[in-house]
Amino acid sequence: TGNVTYDPGFMNTAATKSAITYIDGDAGILRYRGYPIEQLAEFDNSLRRHTLLHEELKGFFGGFPRDAHPMPVLSSAVSALSTWYQDSLDPKDDAQVERSTLRLLAKLPVLAAYAHKKSIGQALLYPDNSMNMVENFLRLCFGTAAEPYIVDPDVVKALDLLLILHADHEQNCSTSTVRLVGSSEANMFASVSAGIHALSGPAHGGANEAVLKMLREIQSSGMTPEEFMTKVKNKEDGVRLMGFGHRVYKNYDPRAKIIKKTAHDLLAKQGKNELLDIAMKLEETALNDEYFISRKLYPNVDFYTGLIYTAMGFPEKMFTVLFAIGRLPGWIAQWREMIKDPELKIGRPRQLYMGETARNYPGYQA
Ligand code: CMC
């Protein structure tokens, strides 16, 4: 196997050079292009153009079962964009890359809202470009043609904040997927479509949905948070405390700190919330428990987001879709950085072969 280094899960392998996101996992620091996330949480995104979808593309949403999970629908829709916008597929053409960037940023929230609308059997609305991106998205999800959509500024502010906090996170699983697919010079839509699938797993973005399921299961089973934690610590049926632990953060995930406060602020408006109480009890128990302390397991970005999304009116199936909308600028920035890299090579890991040495197929006669 020559010079191959064995590093399962890429624990210590830098796959690229990047100038986008800096993480110090031990100190709990996250910066985008040098700006601390705590400061960027004030940033307002004003992208309003390119929101319309081709009318025929809207028909696409009717082709999925009503109860389809919106993540594969979203990924398929992004993949389909490469059939509609064939004038922006060439990674080597700067103008085309710029066009696909704008199209994808503007259209993904619309595609996401349509995936939701289809799943609840409501008609699709046209975007209203007098609204900013977040307002427009909320209206497309929750508005109907019959009634005006009343924007709640607290919800807009909270969603804006959450999207910014998710914007990029260095070489995580979905971003690495976007880069790996793009390293073959596949187009931006194809690469991001693959990234959405990578994000969907419960060890990654799907954790936000899994946290809510876990909280509901604890609530409905009558189990106390402490009893649940005993199951986790005994690794019964492989059960984990979802929304806890991180490959890089071994202190506290700085995003989780900001999100916890947002959850409190938004949920306080709605009175007592039993699921929030369970989440806080789980966190408190974990932070004082030797199992979690010794393994450096802290709440991550996904621990409190589901509670906020629920308070906003989103069904659990939409949580990871919201993560995808937030992460999109990061995927695009990483893809663009990669295709401009003069040292770019197709991603192609090696392996340690552990199988049989040469032998004859059963029944083979020399
Ligand atoms: N609950 C209980 N035990 C855990 C947890 C958890 N959430 N996470 C890790 N451990 C234990 C694990 O069993 C192992 O114990 P031992 O040393 O006895 O074998 C030790 O901690 C190290 O875990 P690991 O699986 O080797 O760590 P990793 O870096 O490969 O995994 C992780 C990172 C995020 C996949 C993992 O912590 C996890 O599964 N967490 C729950 C899912 C989750 O919340 N994912 C969201 C990640 S953050 C944002 C995102 O990407 O979406």
Side-chain angles (χ1 to χ4, degrees), residues 65-74 115-116 119-120 158 162 166 173 197-247 249 252-253 255-257 259-264 266-293 295-324 326:
R66 172 75 67 78
D67 61 354
H69 195 288
M71 280 298 271
V73 175
L74 186 69
H116 170 61
S119 74
I120 57 173
L162 289 181
H166 283 85
C173 175
H197 280 306
L199 184 72
S200 69
H204 192 10
N208 57 11
E209 185 180 338
V211 168
L212 239 280
K213 278 204 180 82
M214 171 186 79
L215 296 177
R216 285 196 201 287
E217 269 167 31
I218 296 173
Q219 185 186 36
S220 63
S221 68
M223 206 187 315
T224 63
E226 288 82 358
E227 283 165 349
F228 176 77
M229 290 299 255
T230 306
K231 276 182 76 170
V232 171
K233 287 190 284 177
N234 292 339
K235 300 188 177 177
E236 261 174 60
D237 311 321
V239 60
R240 286 192 166 197
L241 178 58
M242 299 311 287
F244 256 71
H246 198 275
R247 172 63 63 79
Y249 292 121
Y252 202 100
D253 182 336
R255 303 166 299 175
K257 261 188 203 147
I259 289 168
K260 183 178 177 183
K261 183 173 177 316
T262 309
H264 274 274
L266 206 69
L267 271 61
K269 276 177 65 176
Q270 303 188 344
K272 189 173 159 48
N273 185 310
E274 211 180 306
L275 294 179
L276 177 63
D277 292 345
I278 295 173
M280 282 171 39
K281 189 73 206 161
L282 290 173
E283 179 183 351
E284 187 196 318
T285 310
L287 294 181
N288 292 299
D289 190 293
E290 191 45 35
Y291 175 97
F292 293 88
I293 295 169
R295 290 172 177 78
K296 301 191 173 164
L297 302 171
Y298 293 89
N300 60 49
V301 70
D302 295 315
F303 193 63
Y304 284 106
T305 47
L307 289 165
I308 303 176
Y309 297 147
T310 306
M312 290 174 172
F314 288 103
E316 282 160 37
K317 278 181 167 182
M318 279 295 283
F319 294 178
T320 316
V321 167
L322 294 163
F323 192 151

A.B. asks: Tell me whether the rings of Tyr304 and His264 are parallel (<30°), tilted (30 to 60°) or perpendicular (>60°).
C.D. replies: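 Geometry flag for His264 against Tyr304: tilted rings.
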A.B. asks: Compare every heavy atom of Ile218 with every heavy atom of Pro225, then report the nearest pair and how far apart it is.
C.D. replies: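 Looks like N-CG2, 4.5 Å.
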A.B. asks: Given 3.5 Å as the limit, does a donor-acceptor pair link the side chain of Asn300 with the main chain of His246, or not?
C.D. replies: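 Pair absent, no side-chain N/O of Asn300 close to backbone of His246.
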A.B. asks: Cut-off 3.5 Å, side chains only: do Asp67 and Ser119 have a donor facing an acceptor?
C.D. replies: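 Not at all, the side chains of Asp67 and Ser119 share no donor-acceptor pair under 3.5 Å.
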A.B. asks: Please report the closest heavy-atom contact between Gly245 and Leu297, naming both atoms and the distance.
C.D. replies: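 The answer is CA-CD2, 3.7 Å.
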A.B. asks: To the nearest 0.5 angstrom, please state how far the OG1 atom of Thr305 sits from the CZ atom of Phe314.
C.D. replies: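 The OG1 atom of Thr305 sits 12.0 Å away from the CZ atom of Phe314.
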A.B. asks: Is there a side-chain contact between Leu162 and Leu322, using heavy atoms and a 4.5 Å cut-off?
C.D. replies: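 Leu162 does not reach Leu322 side chain to side chain.
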A.B. asks: If every non-hydrogen atom of Ala256 is compared with every non-hydrogen atom of Pro299, which pair is closest and at what distance?
C.D. replies: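 The answer is CB-O, 3.6 Å.
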A.B. asks: Heavy atoms only: give me the nearest Phe303-Val211 pair and the separation to one decimal.
C.D. replies: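 Result for this residue pair: O-CG1, 3.4 Å.
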A.B. asks: With a 6.0 Å cut-off (strictly less than), is the heavy-atom count around CD of Gln219, excluding the residue itself, greater than 12?
C.D. replies: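 More than 12 heavy atoms, drawn from other residues, nucleotides or ligands, come within 6.0 Å of this atom.
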A.B. asks: Looking at side-chain heavy atoms only, is the closest gap between Asn234 and Val239 below 4.5 Å?
C.D. replies: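 No. Closest side-chain heavy atoms not under 4.5 Å.
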A.B. asks: Going by an N to O cut-off under 4.0 Å, is there a salt bridge joining Glu209 and Lys213?
C.D. replies: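 A salt bridge is present here (some side-chain N lies under 4.0 Å from a carboxylate O).
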A.B. asks: For a quick test of reading the model, state the closest non-hydrogen atom pair linking Ala311 to Gln270 and the distance between them.
C.D. replies: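 Looking at all heavy atoms of both residues, the shortest contact is O-NE2, 3.1 Å.
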A.B. asks: List for me each residue that meets ring pair (Phe, Tyr, Trp, His ring centres under 6.0 Å) alongside His204, sequence neighbours excluded, and say none if there are none.
C.D. replies: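 By the ring pair (Phe, Tyr, Trp, His ring centres under 6.0 Å) rule, His204 matches no residue at all.
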A.B. asks: Is His116 close to Pro70 at the side-chain level, that is, under 4.5 Å between some pair of heavy atoms?
C.D. replies: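 SC-SC contact between Pro70 and His116 ruled out.
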A.B. asks: Please collect all salt bridge (charged side-chain N to carboxylate O under 4.0 Å, His left out) contacts where either partner lies in residues 298-317, sequence neighbours excluded, each pair once.
C.D. replies: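 For residues 298-317, and leaving out neighbouring residues, the salt bridge (charged side-chain N to carboxylate O under 4.0 Å, His left out) pairs sorted by first residue read Arg216-Glu316.
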A.B. asks: Quick check for you: to the nearest 0.5 Å, what is the distance between Met229 atom CE and Asp289 atom CG?
C.D. replies: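 Answer rounded to 0.5 Å: 6.0 Å.
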A.B. asks: State which residues pass ring pair (Phe, Tyr, Trp, His ring centres under 6.0 Å) with Phe292; sequence neighbours excluded, sorted by chain then number.
C.D. replies: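 Phe292: ring pair (Phe, Tyr, Trp, His ring centres under 6.0 Å) contacts with Phe244.
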A.B. asks: What I'd like to find out is whether the side chain of Asp253 reaches to under 4.5 Å of the side chain of Tyr298, using heavy atoms alone.
C.D. replies: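 Result no, sub-4.5 Å side-chain heavy-atom pair not found.
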A.B. asks: Is there a donor-acceptor pair under 3.5 Å between the side chain of Glu227 and the backbone N or O of Thr224?
C.D. replies: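 The answer is yes, because a donor-acceptor pair under 3.5 Å joins these two groups.
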